[in-house]
There are 2 protein chains.
Amino acid sequence: MSIQTIERAFALLRTLALGPVGVTELAERVELPKSTVARLLAALEAENAVEQIESGGGYRLGPGLVDIAGGAQPGRNLIASARPHLLELAEKTDEVAGLSIIDDGQVLYLDQTESSSSVQVRDWSGEYAPLHAVAAGLVMLAHMPDDEIEGYLAKPLPKCTDLTMTDPDDLLERLEHVRHLGYAWSYEEFAEGLNSVAAPIVMPDGRVESALHVHGPAYRFPDPDQAHDHGLAVIEAAARLAEQLAD
Amino acid sequence: MSIQTIERAFALLRTLALGPVGVTELAERVELPKSTVARLLAALEAENAVEQIESGGGYRLGPGLVDIAGGAQPGRNLIASARPHLLELAEKTDEVAGLSIIDDGQVLYLDQTESSSSVQVRDWSGEYAPLHAVAAGLVMLAHMPDDEIEGYLAKPLPKCTDLTMTDPDDLLERLEHVRHLGYAWSYEEFAEGLNSVAAPIVMPDGRVESALHVHGPAYRFPDPDQAHDHGLAVIEAAARLAEQLAD
DNA sequence: ACCAGGCGTTCCACATCGTGGAACGCCCGC
DNA sequence: GCGGGCGTTCCACGATGTGGAACGCCTGGT
């Protein structure tokens, strides 16, 4: 059994995959009334599955499809696989969600969702941050072998803001707490006015080389009532992603 | 304005992107009646957008989405970009469509659609064939600079079947014909019982390094009435793909 | 400047199509 | 072997998507 609306919507998508087209030609190619095609396209646009070429022109495929399909790829791409989870996290928390890995003893931000909120958080993709100053770094640090942790804490720790925690003993205690909770918060320790929660992406062999996080402006994030819930949400998303990366 | 069915279908897809789930849990997560979810999933399955995990288990995203989304990727993957065009060609002609490139003076088959027909054509992906023995090779040869063509024809030309054309002069004449028509047919010249049509994918700089083709069993393909139409269909698909690769 | 043609969009009465609660049958694990 | 939970199917109902026709805009030929 199949559903007319869905059949038609996919026919449109498949035709658009061959290249951008206008409503009229699209309607001819799929043999449907123009009005029906226009309405379906509007609905697909609301889902980001298609987008209009500079208001008035034709339509082309949109990024929404890629976001969804990324998780389906048999292979490997961490960023693509993480995208749907980032989007869900962002929607759940109404803040910006991101993905980071550990690279050369630092946190490297790989990707983050777009913010529709008027109060923007800048895009950190491609930027580095010290492990001990951001939530994502703390969860990754917390899951490193003891000797590596000690090695990291033995070196001088940069102070990014007034609130950056740099005392090795305090940090060790904090890491213990993070391991226990499963997630970490950081409060304006890397950049002023910026808070974030992160949870580790645990690989099948137990190693942690990447993390998911959510961050937002300190004045509204986190709402104290929801801090723990947000932590759990990030943990759940990270767990699901890890499971998906496993097979 | 938006359409209920489409909103719901995409909600399902987005949730499935987080990992495989069963109908019941899916229904809870998107807050819809189980029956509605089951029906939508069945419809999406018909579009290959989702697939059922070994009859009875849950559902996961299917390959259909990736096929569609491939063309939307900003990045350049020839195989991914070609996929939607192959699928359309295959549907139009009701035979197998494929993509090939020229590699080290031979045709290298990169990808082909699955055949649902009972009379199968084998999957040539990853296989090599001599330029002069297959349609895809002929169109690529036809668009090479004259000196390269002569260089190729000067070497001894392997005879794959009784019908393989190996005389350089005959081939030169045939290439002229191919350039004029824009597509090429080959009739059991590479493998017995196998015919195919191909058209070149012309890059913006005029070079031709890849081709689209359709092939099928000689006893039914091509229907003489449709041979030219099939040629035009392959040309059109190749042109659209080329345009898409251009920007 | 103008108008003709073609585009994407909107409208609205109609009936098709999707809906969802309930009932079914199956497989699994207690 | 039996209860619970799964995915699936059924069917009367009416909400929902439909599509022909009409609209307004921009474009380019005159």
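Reckoned from all heavy atoms, side chains included, excluding hydrogens, waters and symmetry mates. Chain naming here is simple, since letters A, B, ... match the order of the sequence lines and numbering starts at 1 in each.
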Interatomic distance where [atom1] belongs to [X] and [atom2] belongs to [N] [whole Å]:
X       : N      : atom1 : atom2 : answer
A/Leu26 : D/dG19 : CG    : P     : 15 Å
B/Lys34 : C/dG25 : NZ    : P     : 15 Å
B/Glu51 : D/dG7  : CD    : P     : 16 Å
A/Glu28 : D/dG19 : CD    : P     : 16 Å
A/Leu12 : C/dG8  : CG    : C1'   : 15 Å

Is the shortest side-chain N/O distance from B/Tyr59 to OP1 or OP2 of D/dC6 below 4.0 Å?
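Answer no for this pair, as no side-chain N or O of B/Tyr59 is under 4.0 Å from OP1 or OP2.
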
In the structure I gave you, are the side-chain heavy atoms of B/Leu32 and B/Leu26 within less than 4.5 Å of one another anywhere?
no

With a 4.5 Å cut-off on side-chain heavy atoms, are A/Glu95 and A/His215 touching?
no

Please check this pair: side chain of A/Arg83 against backbone of A/Asp67, looking for a donor-acceptor N/O pair closer than 3.5 Å.
no

Main chain of A/Ala135, side chain of A/Ser186: is a donor-acceptor contact present, judged purely on distance under 3.5 Å?
yes

In terms of the nearest nucleotide of DNA chain C, which residue is placed more toward the 5' end: A/Ala38 or B/Leu32?
A/Ala38

Without placing hydrogens or testing angles, list every side-chain donor-acceptor pair under 3.5 Å for residues 11-20 of chain B, not counting sequence neighbours.
unit_1, atom_1, unit_2, atom_2, d
B/Arg14, NH2, A/Glu47, OE1, 2.4
B/Thr15, OG1, B/Ala11, O, 2.8

Between the protein and nucleotides 14-18 of chain D, list the N/O to N/O atom pairs that are separated by less than 3.5 angstrom.
unit_1, atom_1, unit_2, atom_2, d
D/dT16, OP1, B/Gln4, NE2, 3.0
D/dG17, OP1, B/Gln4, N, 2.7
D/dG17, OP1, B/Thr5, N, 3.0
D/dT18, OP1, A/Arg8, NH1, 3.2
D/dT18, OP2, A/Arg39, NH1, 2.7

Confirm from the modelled atom types if A/Ser35 and D/dG20 form a donor-acceptor pair under 3.5 Å, side chain to base only.
yes

Please name all residues satisfying salt bridge (Lys or Arg N to Asp or Glu O under 4.0 Å) with A/Glu45, sequence neighbours left out, ordered by chain then number.
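For A/Glu45, no residue satisfies salt bridge (Lys or Arg N to Asp or Glu O under 4.0 Å) once neighbours in sequence are set aside.
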
